[in-house]
Amino acid sequence: MIASTSNSNYRIYSRTLHQWLNVSEEIYLDHTRFYGAFRKRTQSHGQCCCPRSKAWLCDGDCLTCEFRTVGKQLSLDYTAEDRNGKPRHPIDDLPDETVNIPCAAEKYELKKALYELIGRLEPENQLICQRIMEGKSEREIAAELGISRSTYTYRRDKLFQVLRKQLATYM
């Protein structure tokens, strides 16, 4: 892209001419700002992998640049060998995002049963469950209930035992 040999002599490298061009400070600064911003933008979009040490080569002509990454992505037809020498397709590495319907239905039924049980609890136990779901700490919940932290943890553990026992058919 650009190199400066001294304070008064500014030079820009031309990739097409394969030579350095002497330019004024104003042209040098304009060139630096424009192509620096251009290079950073293409790098943030994953289209350029130009190392900082080669930034002086950037002239905005990405189609002929050796550091261009666009168009070099692998197609799903491409195969490569894994460590064992077996062919491996890129599609093998894609995550399976299909929903397991029986599992989702079980979770829904468990959640529904849990909320029904919580609705039938004593008000203090309902409050404990509600505060836990809100993400409050043990100290905050104990202070809100006006009890010590150890008393709170004892009551919480007893409550969880009851819930586990009643929800045992879902687990």
Side-chain angles (χ1 to χ4, degrees), residues 1 29-30 32-58 60 62-63 65-171:
M1 180 181 185
L29 292 175
D30 286 345
T32 304
R33 285 186 199 114
F34 179 80
Y35 289 108
F38 178 81
R39 187 183 70 260
K40 287 178 184 175
R41 187 171 46 255
T42 55
Q43 285 175 338
S44 71
H45 290 234
Q47 299 169 343
C48 174
C49 63
C50 181
R52 190 172 193 181
S53 63
K54 300 289 185 179
W56 54 272
L57 284 171
C58 185
C62 293
L63 293 175
C65 182
E66 64 183 297
F67 301 110
R68 181 172 190 245
T69 58
V70 174
K72 294 182 182 179
Q73 286 89 6
L74 300 176
S75 89
L76 293 177
D77 297 330
Y78 175 81
T79 58
E81 291 184 357
D82 63 7
R83 291 181 181 146
N84 301 326
K86 295 180 181 176
R88 182 150 183 89
H89 300 275
I91 202 161
D92 295 337
D93 297 325
L94 293 175
D96 183 14
E97 296 185 12
T98 57
V99 177
N100 183 347
I101 297 196
C103 183
E106 288 172 9
K107 285 182 182 179
Y108 173 77
E109 290 297 322
L110 174 62
K111 226 184 233 187
K112 184 177 169 185
L114 177 63
Y115 281 114
E116 283 179 18
L117 277 173
I118 290 173
R120 288 185 275 156
L121 292 173
E122 298 172 6
E124 183 182 61
N125 289 337
Q126 285 182 357
L127 185 64
I128 289 173
C129 291
Q130 183 181 2
R131 297 303 182 253
I132 290 171
M133 287 187 272
E134 290 172 0
K136 294 204 173 191
S137 70
E138 291 178 353
R139 285 193 175 100
E140 291 173 326
I141 298 172
E144 190 173 328
L145 294 173
I147 57 178
S148 71
R149 185 170 160 235
S150 60
T151 304
Y152 161 74
T153 56
Y154 175 78
R155 290 182 186 174
R156 181 202 60 201
D157 293 344
K158 287 298 237 182
L159 171 63
F160 283 179
Q161 284 178 355
V162 169
L163 292 175
R164 272 191 216 102
K165 185 177 179 183
Q166 297 212 2
L167 295 172
T169 58
Y170 291 94
M171 299 190 186

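When all heavy atoms of L121 and Q126 are compared, the pair lying nearest together is O-NE2, 3.2 Å.
Under a 3.5 Å cut-off, the side chain of E140 and the backbone N or O of S137 do form a donor-acceptor pair.
Atom CD of E122 is surrounded by 12 or fewer heavy atoms from other residues, nucleotides or ligands within 6.0 Å.
Side chains of M133 and I118 form a contact here, defined as non-hydrogen atoms less than 4.5 Å apart. In this structure the side chain of F160 never reaches within 4.5 angstrom of the side chain of I128, judged on heavy atoms. Contact of the E134 side chain with the Q130 side chain is registered, since non-hydrogen atoms from C-beta on lie closer than 4.5 Å.
Rounding to the nearest 0.5 angstrom, the gap separating the SG atom in C129 from the CG atom in L117 is 9.5 Å. From L159, atom CG reaches atom CD of Q161 across 9.5 Å, with rounding to the nearest 0.5 Å. If you take OH on Y108 and CD1 on I101, they are separated by 14.5 Å, rounding to the nearest 0.5 Å.
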message: Evaluate I147 against R155 for side chain to side chain contact (heavy atoms under 4.5 Å, CB included), listing each step before the verdict.
response: CA-CA 10 Å; I147 57 178; R155 290 182 186 174; 3.8 Å; yes
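Comment: R131 engages E144 in a salt bridge, judged by a side-chain N to carboxylate O separation of less than 4.0 angstrom.
Ring geometry for F38 versus Y35: interplanar angle over 60°, hence perpendicular rather than tilted (30 to 60°).
For E138, the side-chain contact (heavy atoms from CB on, under 4.5 Å) partners at least two apart in sequence or on another chain are R149, Y152, T153, R156.
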